[in-house]
Q: 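Sharing a structure, written as structure tokens. Questions coming.
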Amino acid sequence: MEVGSNSSSERFILMGLSDHPQLEMIFFIIILFSYMLTLVGNSTIILLSCLDARLHTPMYFFLSNLSSLDLAFTTSSVPQMLINLWGPDKSISYGGCVTQLYVFLWLGATECILLVVMAFDRYVAVCRPLHYTTIMNPRLCWLLAAVSWLGGLGNSVIQSTFTLQLPFCGHRRVDNFLCEVPAMIKLACGDTSLNEAVLNGVCTFFTAVPLSIILISYCFIAQAVLKIHSVEGRRKAFNTCLSHLVVVFLFYGSAIYGYLLPAKSSNQDQGKFISLFYSVVTPMVNPLIYTLRNKEVKGSLRRLLGKGREAG
């Protein structure tokens, strides 16, 4: 195969389930259903956070940021995934692959930072309740949100650009559902040891370090919750924090598995389905986790639906 520079006129082939074509239609239906739930669930949270004055608090500001991120995160990969599963054409343009690489990594890194910010918000709410509104003022909330989005963008620009410098030597068959860094490193024909070292270093910074900070903050939160005398107050704090912890473990667990394992040696079939998990499943379950255990969101939804019926 001819060795040459990466050409923007080439197309990549996203292999996906090419080894198991009998499963493609099943996965198409499951992913389409999950995508529709993601759109409805996250859009509902954003809508409620904007329309209900009771939800104009830092927690719901960050939650609406997470929902916006999840909408963009899943939309950056799922439509192309559905096209490839539906028909015989498994290709994606070079520009499409590059765009997916940058956007997917940007939003993934942003979520890593945003979940730490949300843990800090819960820490202040539970451990410093009397100073909560002073500390978590609108200016700080906007600053923390901006740091999350811009920090993720900076990581994506550096890491994606570094990955695209690898020689692919005409290899265009990406053994994954989408273009992401570990799959692109596998595609390279040259020495990828430096890329793998950078990937592990950056991903440790964006996954293991934030996860450690979150777990430490929740140790302090747990101590504070146990000191709350009101049973109702303790239950409310526990439910809110538990919802956040479930989201944290789902996202960080799959991200660490997908990105921190050696890119060349990890099982590619497992890697493909882990990619599918954090690009499709996690954005779908996040709104379910936050709404099913949250009386404020459920109450806001009932009030909104009630107004809609009255208007009708």
Side-chain angles (χ1 to χ4, degrees), residues 34-35 37-46 48-49 55 57-78 104 106-126 136 141 144-145 147-149 151-152 203 206-222 225 235-260 274-298 300-301:
S34 300
Y35 184 50
L37 282 180
T38 300
L39 294 179
V40 172
N42 286 290
S43 298
T44 299
I45 286 180
I46 295 169
L48 293 177
S49 299
L55 302 185
T57 64
M59 185 179 91
Y60 292 103
F61 170 75
F62 294 125
L63 183 55
S64 62
N65 267 266
L66 180 64
S67 291
S68 301
L69 190 152
D70 281 340
L71 281 175
F73 190 55
T74 192
T75 300
S76 71
S77 58
V78 169
F104 195 78
W106 169 30
L107 298 173
T110 298
E111 184 157 351
C112 289
I113 304 172
L114 187 60
L115 289 174
V116 177
V117 170
M118 293 174 74
F120 173 70
D121 172 67
R122 290 300 83 209
Y123 167 80
V124 176
V126 175
M136 299 304 295
C141 290
L144 291 173
V147 167
S148 300
W149 288 91
C203 289
F206 276 93
T207 55
V209 172
L211 181 58
S212 301
I213 294 171
I214 290 171
L215 293 178
I216 291 170
S217 71
Y218 269 95
C219 289
F220 289 107
I221 289 172
V225 168
R235 186 194 60 77
K236 182 180 178 181
F238 176 76
N239 282 345
T240 304
C241 294
L242 182 62
S243 298
H244 184 244
L245 270 179
V246 171
V247 170
V248 163
F249 282 118
L250 283 175
F251 179 77
Y252 282 109
S254 57
I256 288 172
Y257 185 92
Y259 277 79
L260 282 183
I274 288 294
S275 298
L276 204 61
F277 184 84
Y278 56 68
S279 62
V280 177
V281 178
T282 304
M284 176 191 71
V285 300
N286 281 357
L288 295 176
I289 291 169
Y290 279 110
T291 54
L292 290 177
R293 300 188 62 86
N294 192 312
K295 283 186 175 180
E296 290 175 334
V297 174
K298 287 189 285 188
S300 176
L301 184 59

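Note that the coordinates shown come from a computational prediction; the quantities given were computed from them, not determined experimentally.
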Q: Go through the steps to decide whether Y278 and L250 satisfy the test side chain to side chain contact (heavy atoms under 4.5 Å, CB included), and finish with yes or no.
A: CA-CA 8 Å; Y278 56 68; L250 283 175; over 6 Å; no

Q: Going by the rule side chain to side chain contact (heavy atoms under 4.5 Å, CB included), which residues pair with S217 if we only count those two or more places apart in sequence or in a different chain?
A: A119

Q: Using the test side chain to side chain contact (heavy atoms under 4.5 Å, CB included), find all partners of L215 that sit at least two apart in sequence or belong to another chain.
A: L211, F249

Q: Quick one, F120 and I213 - any side-chain contact, counting heavy atoms below 4.5 Å?
A: no

Q: Do I45 and S49 have side-chain heavy atoms sitting under 4.5 Å apart?
A: yes

Q: Would you indicate whether the side-chain heavy atoms of T74 and S279 approach each other to under 4.5 Å?
A: no

Q: Mind checking the OG-CG spacing from S43 to L48? Nearest 0.5 Å is all I need.
A: 10.5 Å

Q: Just how far is it from atom CG of L66 to atom CG of L115, taken to the nearest 0.5 Å?
A: 6.0 Å

Q: Could you report the tightest heavy-atom contact between A145 and F62, atom names first, then the distance?
A: N-CE2, 4.4 Å

Q: Applying side chain to side chain contact (heavy atoms under 4.5 Å, CB included) between M284 and each of L37, V40, N42, report the one that passes.
A: L37

Q: Taking all atoms of both residues into account, what is the closest heavy-atom pair of C112 and T207, and its distance?
A: SG-CG2, 4.1 Å

Q: Between CE of M59 and CE of M118, what distance do you get to the nearest 0.5 Å?
A: 7.5 Å

Q: Side chains of F206 and I113: does their closest heavy-atom pair fall under 4.5 Å?
A: yes

Q: Applying ring pair (Phe, Tyr, Trp, His ring centres under 6.0 Å), can you list everything that pairs with Y252, at least two apart in sequence or on another chain?
A: none

Q: Partners of S68 by side chain to side chain contact (heavy atoms under 4.5 Å, CB included), sequence neighbours excluded?
A: I46

Q: If you define the side chain from C-beta out and look only at heavy atoms, does anything of L276 sit under 4.5 Å from V281?
A: no

Q: In the structure I gave you, are the side-chain heavy atoms of W149 and L114 within less than 4.5 Å of one another anywhere?
A: no

Q: Measuring from F61:CZ to T57:OG1, what's the distance to the nearest 0.5 Å?
A: 11.0 Å

Q: Taking all atoms of both residues into account, what is the closest heavy-atom pair of V117 and S148, and its distance?
A: CG2-OG, 3.6 Å

Q: How many angstroms lie between atom CH2 of W106 and atom CD of E111, to the nearest 0.5 angstrom?
A: 13.5 Å

Q: List for me each residue that meets side chain to side chain contact (heavy atoms under 4.5 Å, CB included) alongside V225, sequence neighbours excluded, and say none if there are none.
A: V126, I221, R234, A237

Q: Quick one: list whatever passes ring pair (Phe, Tyr, Trp, His ring centres under 6.0 Å) with F73, sequence neighbours left out.
A: F104

Q: Rounded to the nearest 0.5 Å, how far does CD1 of I256 lie from CZ of F251?
A: 10.0 Å

